[in-house]
There are 2 protein chains.
Amino acid sequence: MTDDQLSQVFSALADPTRRDIVARLAVRDATVNELAEPYDVSVQAVSKHIRVLEDAGLVSRTRDAQRRPCHLEAEVFDLMTKWIERYRREAEERFRRLDVVLEQLKDEASEDGTTQEGQAS
Amino acid sequence: MTDDQLSQVFSALADPTRRDIVARLAVRDATVNELAEPYDVSVQAVSKHIRVLEDAGLVSRTRDAQRRPCHLEAEVFDLMTKWIERYRREAEERFRRLDVVLEQLKDEASEDGTTQEGQAS
DNA sequence: ACGGTTGTCAACCCGATGGTTGAATACCGT
DNA sequence: ACGGTATTCAACCATCGGGTTGACAACCGT
């Protein structure tokens, strides 16, 4: 369900320009032109970037005459954070458990001389 | 400094297969063949995926004879989490502040009949 | 009604990416 | 030394993604 969205979000944030846009939108809402100004690419390019962020659900837009103010959506970040935290926690726990395994390995190594870095199953 | 790495990490996790690999590595270390088994793509393709994860610093590999066990690295997740959390917090705070602005707008609207969704600067 | 501003659409270019297959490398076991 | 296993390298192909430019649409201000 959210798997595809997750891909879109990660993919959207993989681009430095788009991350910068997110950073600036975190401070205040802005129009396409305002956002485009600091970069030396065309407005069209920035428009595309914003489209990507919008499709990923990171940005929403309202209408103000011919302007399209962009607004950062916080919820989607939760989605990512949850995903990341899940595996970070598991990985860290495994890392902690590793201490025990290492002790064991050290014992076995001193038995048969296996000084290598191998972590046999 | 870490900007490029951040791009690599996000980009690496934008692929569902790679996210799945990460998920599985969170449970236990695994070799390329083990990782490749469930997917119906070639082992070479999976090897490439792992390369991407490795370059992004998400995975490290040891050597066990001809095998290359993959291990999930937790630290890089922190990098991402920090980045995300920063903007999520800012965005949420702005969201909270928005309540005040909305009140103001409502007042202004009842004055001059601007019933639109506009959030003028 | 007209000119200027804001933004998008369309077509195109090019480099990156994910996939393939086939050959090469590295190591084990016997 | 040899065959089998695990993995990577190399060449190739199709698609995607970010960039461009040029035209179009929508809207304001006067």
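Computed from a predicted model, the values in this text were never measured in an experiment. Just so it is clear: chains get the letters A, B, ... in the order the sequence lines come, proteins before strands, and each one is counted from 1.
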Would you check if B:R63 and B:R68 make a side-chain contact, meaning some heavy-atom pair closer than 4.5 Å?
yes
I need the CG-C1' distance between A:D64 and D:dC28, as an integer number of Å.
11 Å
Close N or O pairs between protein and nucleotides 7-14 of chain D (under 3.5 Å):
residue	atom	partner	partner atom	Å
D:dT7	OP1	B:V32	N	3.4
D:dT7	OP1	B:R68	N	3.0
D:dT7	OP2	B:N33	N	2.7
D:dT7	OP2	B:N33	ND2	3.0
D:dT8	OP1	B:R61	NH1	2.8
D:dT8	OP1	B:R61	NH2	2.7
D:dT8	OP2	B:S47	OG	2.4

Rounded to whole Å, how long is the line connecting atom CG of B:D55 with atom P of C:dT17?
10 Å
Hey, is the side chain of B:H49 poking within less than 4.0 Å of OP1 or OP2 on C:dG19, counting only N and O atoms?
yes
Would you say the side chain of A:V76 lies within less than 4.5 Å of the side chain of A:Q8, judging by non-hydrogen atoms?
no
Round to the nearest Å and state the distance from B:R18 atom CZ to C:dT17 atom P.
9 Å
Parallel, tilted or perpendicular: which one describes the rings of A:F10 and B:F10, with boundaries at 30° and 60°?
tilted
Round to the nearest Å and state the distance from A:D15 atom CG to D:dC16 atom P.
18 Å
For side-chain contact (heavy atoms from CB on, under 4.5 Å), just list the numbers for A:L13 and B:M80, CA-CA rounded to whole Å, side-chain angles, deciding distance to a tenth of an Å, and then say yes or no.
CA-CA 10 Å; A:L13 294 177; B:M80 257 191 305; over 6 Å; no
Test side-chain contact (heavy atoms from CB on, under 4.5 Å) applied to B:T31 and B:D64, step by step:
CA-CA 9 Å; B:T31 68; B:D64 170 29; over 6 Å; no
Without decimals, in angstroms, what is the distance between B:Q8 CD and C:dA16 C1'?
13 Å
So, B:R19 versus A:S7: side-chain donor-acceptor pair below 3.5 Å or not?
yes
To the nearest Å, how far apart are A:F10 CZ and D:dC16 P?
22 Å
